[in-house]
K.L.:
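My structure is below; once you've seen it, I'll send some questions.
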Amino acid sequence: MHGEYKVPGGKLVVVDLAVEDGSLRDVRVAGDFFLEPDEALLDINRALEGAPADTPAPELAARIDAALPEGTVMFGFSSEAVGVAVRRALAQATDWHHYDWQLIHDGPQSPALHMALDEVLTAEVAAGRRPPTLRVWEWASPAVIIGSFQSLRNEVDPEGAERHGMTVVRRISGGGAMFVEPGNTITYSLCVPDALVQGLSFADSYAYLDDWVLAALEGMGVKAWYQPLNDIATEAGKIAGAAQKRVVSGDGAVLHHVTMAYDIDADKMLDVLRIGKEKLSDKGTKSAKKRVDPLRRQTGLARDAVIERMVETFRGRYGLADGAVTPEEMARAEELAATKFSSEEWTARVP
C-alpha cells in the first residue's frame with residue numbers, strides 16, 4: 001500500500017507498507033523533508049512496524065515521538081504528518097495528480113444559482129459523471145450567504161440587508177455568514193472525490209485542499225496560513241473563510257468552497273450582519289472591522305490578476321483544463337435555485 005501526504009506549507013511525506021494479520025509490516029517512510037540525524041528515519045520505520053492497522057493517526061504519531069532520539073529535528077514535516085500518510089495508505093487515498101481537473105469560470109450568476117451549482121456539481125462528481133472541478137464564481141448581485149445551521153434572525157439584520165439591496169441565501173455547508181459584493185469578493189469551489197481526502201481528519205482536510213491557495217498567495221507576496229478550523233489568515237488579519245459539505249451518495253464527494261475578501265466595505269457589512277461579541281472574543285480582536293484585511297491592499301493587484309495567479313498556481317501543480325457546466329447540470333441547478341435556494345422555507349429553515 002502506498003500513501004502520500006503533502007504537509008500544508010511543508011514537505012511531502014510518502015509511506016509504503018503492507019498489512020499482515022491486522023498489523024503494519026515492511027513500513028518505509030520517505031519524502032522531500034529534512035531530518036536530523038539520518039538514523040532517525042529508521043527509528044520512525046521501527047516505531048510503526050507491528051502497529052495495529054486500525055491505529056488512529058495521533059496514536060501513530062505518539063509511537064513515533066516515543067521512539068525518536070532526543071534532539072531529533074524534523075523540518076517540513078512532523079510525526080503527525082507521518083501518521084496521516086499511513087492512514088491515507090491504508091484508506092487507499094488518491095492524490096491530486098490522479099485526476100484530470102476541470103476549470104469552470106463563467107460570467108456573473110445569481111446567489112441562488114451559485115448555491116444550486118455547488119450542490120449539483122458535487123453530486124455529479126460523487127456519481128462519477130463529472131471530473132473533479134475547480135469553479136471560480138462571479139457574482140451578479142450583492143448577497144449574504146448564511147451557513148446551513150445558522151439562525152437567520154441571529155445573523156442578518158433584515159432592514160440593513162434591504163437597505164443595501166442584499167439578497168440573503170442559505171448554502172448547504174456549515175460555517176458562518178459570508179458578506180459578498182461583486183468586485184470585492186473572490187469565491188471558488190472545489191468539488192472533489194471523497195478518495196482525495198481519505199485518511200485526513202475533517203480539520204486537516206481544510207488546509208490540505210487549500211494548500212495551493214497558500215502557495216498562490218505567497219507568490220503574490222502574502223504570507224498566509226490556516227487558522228483552525230476554517231480561516232485563512234495573515235499577520236494583517238483574516239482574508240478568507242472556508243466551508244465544506246460531504247456527499248455520501250455514489251462514491252462520495254466533498255464540496256469545499258472559500259470566500260476571500262479582495263476588498264470590503266466594513267461599515268456596510270456591520271450594517272447587514274449581526275456580529276456578536278462572543279464571535280469576536282476567540283479571534284483576539286474587539287472590532288469586526290479589524291478581523292478582515294483585504295487582498296487588494298495586501299497584493300496591490302487587480303482582482304482579475306489575483307484570480308489569474310490563483311488559477312495558474314493550481315494549473316501548474318495539478319493540471320487544469322477549461323470546462324463548462326453541461327446543459328443537464330444547468331437545468332437541474334436552475335430548478336434548485338428556483339424551488340429550494342430562493343424559497344423562504346429553505347432560507348429560514350433555522351429561523
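Residue numbers start at 1 and run along the sequence shown. Just the heavy atoms: all of them, side chains too, but no hydrogens, waters or symmetry mates, feed the values below. Remember, it's a predicted structure, so these values are computed and weren't measured experimentally.
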K.L.:
Begin from the C-alpha positions of Arg246 and Ser205 and carry the test side chain to side chain contact (heavy atoms under 4.5 Å, CB included) through to its verdict.
P.N.:
CA-CA 11 Å; Arg246 307 293 172 108; Ser205 69; 3.0 Å; yes

K.L.:
Please give me the minimum heavy-atom distance between Ala215 and Thr313, naming the atom from each residue.
P.N.:
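What the structure gives for the nearest pair is CB-CG2, 4.3 Å.
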
K.L.:
Please confirm whether the backbone N or O of Asp16 pairs with a side-chain atom of Arg28, one donor and one acceptor, at under 3.5 Å?
P.N.:
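Between the backbone of Asp16 and the side chain of Arg28 there is no qualifying donor-acceptor contact (under 3.5 Å).
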
K.L.:
For residues 120-171, which residue pairs qualify under ring pair (Phe, Tyr, Trp, His ring centres under 6.0 Å), counting only residues two or more places apart or in two chains?
P.N.:
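Residue pairs with at least one partner in residues 120-171: His114-Trp137, His114-Trp139, Trp137-Trp139.
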
K.L.:
Any heavy-atom pair between the side chains of Asp251 and Asp194 that's under 4.5 Å?
P.N.:
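They are not in contact (no side-chain heavy atoms under 4.5 Å apart), so the answer is no.
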
K.L.:
Return the CE to OG distance between Met166 and Ser141, rounded to the nearest 0.5 Å.
P.N.:
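These two atoms lie 8.5 Å from each other.
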
K.L.:
Taking atom CZ of Arg46 as the centre, report whether more than 12 heavy atoms of other residues, nucleotides or ligands fall under 6.0 Å from it.
P.N.:
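For Arg46, atom CZ is crowded (more than 12 foreign heavy atoms under 6.0 Å).
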
K.L.:
Counting only heavy atoms not in Glu49 (residues, nucleotides, ligands), do more than 12 fall under 6.0 Å from its CD?
P.N.:
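Atom CD in Glu49 is crowded, with more than 12 foreign heavy atoms closer than 6.0 Å.
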
K.L.:
Between Gln227 and Ala233, which heavy-atom pair has the shortest distance, and what is it?
P.N.:
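Heavy atoms only, the tightest pair is OE1-CB, 3.9 Å.
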
K.L.:
Tell me whether the count of non-hydrogen atoms from other residues, nucleotides or ligands lying under 6.0 Å of CZ in Phe202 goes above 12.
P.N.:
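More than 12 within 6.0 Å, yes.
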
K.L.:
Do the non-hydrogen side-chain atoms of Glu138 and Ile307 ever get within less than 4.5 Å of each other?
P.N.:
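SC-SC contact between Glu138 and Ile307 confirmed.
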
K.L.:
First locate atom CG of Asn230, then atom CG of Asp210, and finally report the distance between them rounded to the nearest 0.5 Å.
P.N.:
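Reported value, rounded in 0.5 Å steps: 10.0 Å.
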
K.L.:
If I take atom NZ from residue Lys245 and atom OG from residue Ser189, how far apart are they, to the nearest 0.5 angstrom?
P.N.:
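So the gap between those two atoms works out to 14.5 Å.
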
K.L.:
Do Tyr226 and Tyr208 come within less than 4.5 Å of each other through their side chains, counting heavy atoms only?
P.N.:
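Counting from C-beta outward, Tyr226 and Tyr208 never come under 4.5 Å.
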
K.L.:
Is atom CG of Asp100 surrounded by more than 12 heavy atoms (other residues, nucleotides or ligands) closer than 6.0 Å?
P.N.:
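Result for CG/Asp100: open.
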
K.L.:
Can you measure from CG (Asp322) to CD (Gln102) and round to the nearest 0.5 angstrom?
P.N.:
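Spacing of CG (Asp322) from CD (Gln102) equals 8.5 Å.
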
K.L.:
Does the side chain of Tyr5 reach to within under 4.5 Å of the side chain of Phe77, using non-hydrogen atoms?
P.N.:
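Answer no - side chains too far apart.
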
K.L.:
With a 4.5 Å cut-off on side-chain heavy atoms, are Val222 and Thr299 touching?
P.N.:
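Result yes, sub-4.5 Å side-chain heavy-atom pair found.
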
K.L.:
May I have the step-by-step check of side chain to side chain contact (heavy atoms under 4.5 Å, CB included) for Val125 and Val192, ending in yes or no?
P.N.:
CA-CA 7 Å; Val125 171; Val192 307; 5.8 Å; no

K.L.:
Any idea which heavy atoms bring Pro111 and Val169 closest together, and the distance?
P.N.:
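Answer, listing the atom of Pro111 first, then Val169: CB-CG2, 4.0 Å.
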
K.L.:
Side-chain donor-acceptor pairs under 3.5 Å in residues 339-351, sequence neighbours left out?
P.N.:
from   : atom 1 : to     : atom 2 : distance (Å)
Thr339 : OG1    : Glu335 : O      : 2.8
Lys340 : NZ     : Glu119 : OE1    : 2.9
Ser342 : OG     : Ala337 : O      : 2.6
Ser343 : OG     : Lys340 : O      : 2.7
Ser343 : OG     : Trp346 : N      : 3.2
Trp346 : NE1    : Arg170 : O      : 2.8
Thr347 : OG1    : Ser343 : O      : 3.0
Arg349 : NE     : Ser148 : O      : 3.4
Arg349 : NH2    : Ser148 : O      : 2.9
Arg349 : NH2    : Ser148 : OG     : 2.5

K.L.:
Taking all heavy atoms of Ala91 and all of Gly199, pick out the closest pair and write down the distance.
P.N.:
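It is CB-N, 4.2 Å.
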
K.L.:
When you measure from the side chain of Asp32 to the backbone N and O of Lys11, does any donor-acceptor pair fall under 3.5 Å?
P.N.:
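No; zero donor-acceptor contacts below 3.5 Å.
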
K.L.:
Tell me, do Leu121 and Ile104 make a side-chain contact under 4.5 Å, heavy atoms counted?
P.N.:
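Yes, side chains in contact.
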
K.L.:
Can you check whether Leu217 reaches Met260 side chain to side chain, under 4.5 Å on heavy atoms?
P.N.:
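Side-chain contact under 4.5 Å: yes.
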
K.L.:
A quick test of your reading: do over 12 heavy atoms of other residues, nucleotides or ligands sit less than 6.0 Å from CZ of Arg317?
P.N.:
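Result for CZ/Arg317: enclosed.
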
K.L.:
Just by distance, do the side chain of Arg87 and the backbone of Thr55 share a donor-acceptor pair under 3.5 Å?
P.N.:
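At least one qualifying donor-acceptor pair exists.
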
K.L.:
Please determine whether a side-chain nitrogen of the Lys or Arg among Asp118 and Arg171 lies less than 4.0 Å from a carboxylate oxygen of the Asp or Glu.
P.N.:
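So Asp118 does not pair with Arg171 through a salt bridge.
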
K.L.:
Under 4.0 Å between a Lys/Arg side-chain N and an Asp/Glu carboxylate O for Glu312 and Arg309?
P.N.:
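Between Arg309 and Glu312 there is no salt bridge, as every charged N stays at least 4.0 Å from the carboxylate O atoms.
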
K.L.:
Just by modelled atom types, is the Leu48 backbone N or O under 3.5 Å from a matching donor or acceptor in the Arg63 side chain?
P.N.:
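Looks like no, no N/O pair under 3.5 Å.
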
K.L.:
Which pairs would a plain distance check flag for residues 174-182, meaning a side-chain donor or acceptor within less than 3.5 Å of a matching protein atom at least two apart in sequence or in another chain?
P.N.:
from   : atom 1 : to     : atom 2 : distance (Å)
Glu181 : OE1    : Asn184 : ND2    : 3.4
Glu181 : OE2    : Lys268 : NZ     : 2.8

K.L.:
Do side-chain atoms of Thr234 reach the backbone of Ala236 as a donor and acceptor pair under 3.5 angstrom?
P.N.:
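Yes, because the side chain of Thr234 sits within donor-acceptor range (under 3.5 Å) of the backbone of Ala236.
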
K.L.:
Check whether any side-chain N or O of Glu329 sits under 3.5 Å from a backbone N or O of Val120 as a donor-acceptor pair, and report yes or no.
P.N.:
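Checked: no pair found.
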
K.L.:
Just verifying a value: how many Å separate Leu196 CG and Leu190 CG, rounded to the nearest 0.5 Å?
P.N.:
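Answer rounded to 0.5 Å: 9.0 Å.
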
K.L.:
Hey, what do you get for CE (Met115) to CD1 (Ile172), rounding to the nearest 0.5 Å?
P.N.:
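Spacing of CE (Met115) from CD1 (Ile172) equals 9.5 Å.
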
K.L.:
Tell me the closest heavy-atom pair linking Val156 and Arg274, and the distance in Å.
P.N.:
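It is O-NH1, 3.4 Å.
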
K.L.:
Hey, does Val213 have a side-chain heavy atom less than 4.5 Å from the side chain of Tyr188?
P.N.:
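They are in side-chain contact.
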
K.L.:
Is the Trp101-Phe314 ring centre distance short of 6.0 angstrom?
P.N.:
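Yes, ring centres under 6.0 Å apart.
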
